[in-house]
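Only a predicted model underlies this, so the values are computations on that prediction, with no experimental measurement involved.
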Amino acid sequence: MATDWRQMPSLTSLRAFAATAELRSFSQAARALNVTTAAVAQQVRGLEDHLGQALVQRDGRGMSLTAEGAQLAVAVGEGFAAFGRGADA
């Protein structure tokens, strides 16, 4: 069965989410990705819209992952780790 790439979230949004989840901060993720904080927040918001669920709980200037966000963070982290292993092979 072929992958329906049109249904997959964008790699950019997954990368922004992964960095945000790892660093627990939109601004730290933005620095790590060399983009603006607004760009990271917009990509994460777009991913939430695509998936139809909140991934991040925004608390004023702070943030935390929802249960769904924490679960996705593990899966995305494993996926990026697999990419890294594949690239190193």
S10 and T12: CA distance, side-chain angles, deciding distance, side chain to side chain donor-acceptor pair (under 3.5 Å) verdict: CA-CA 5 Å; S10 75; T12 303; 4.8 Å; no

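Between L51 and L72, some side-chain heavy-atom pair lies under the 4.5 Å cut-off. Looking at L65 and M63, their side chains come closer than 4.5 Å, going by heavy atoms from C-beta outward.
In this structure, L47 and P9 approach most closely via the heavy-atom pair CD1-CB, 3.4 Å. Scanning all heavy atoms of the two residues, the minimum distance from A54 to T66 falls at O-OG1, 2.9 Å. Across all their heavy atoms, V76 and A18 have their closest contact at CG1-CB, 3.7 Å. Between S27 and T37, the closest heavy-atom pair is CA-OG1, 3.6 Å. The two residues Q43 and A16 have their closest heavy-atom pair at CB-CB, 3.6 Å. When all heavy atoms of G69 and F17 are compared, the closest pair comes out as O-CZ, 3.2 Å.
Hydrophobic clustering (side-chain heavy atoms under 4.5 Å, transitive across Ile, Leu, Val, Met, Phe, Trp, Tyr) keeps F80 apart from M8. There is a path of hydrophobic side-chain contacts, each under 4.5 Å, that joins L11 to V35.
Remark: S64 engages no residue in a side chain to side chain donor-acceptor pair (under 3.5 Å) (not counting sequence neighbours). For the salt bridge (charged side-chain N to carboxylate O under 4.0 Å, His left out) test, residues two or more places apart in sequence or in another chain that qualify with R58 are E48.
The 12-atom threshold is not exceeded at CD of Q71, counting heavy atoms of other residues, nucleotides or ligands nearer than 6.0 Å. Summarising the local packing, CG of N34 is surrounded by 12 or fewer heavy atoms from other residues, nucleotides or ligands at distances under 6.0 Å. More than 12 heavy atoms of other residues, nucleotides or ligands lie within 6.0 Å of CD in Q28, so this atom counts as buried by the packing criterion.
To the nearest 0.5 Å, atoms CZ (R15) and CZ (F83) are separated by 12.0 Å.
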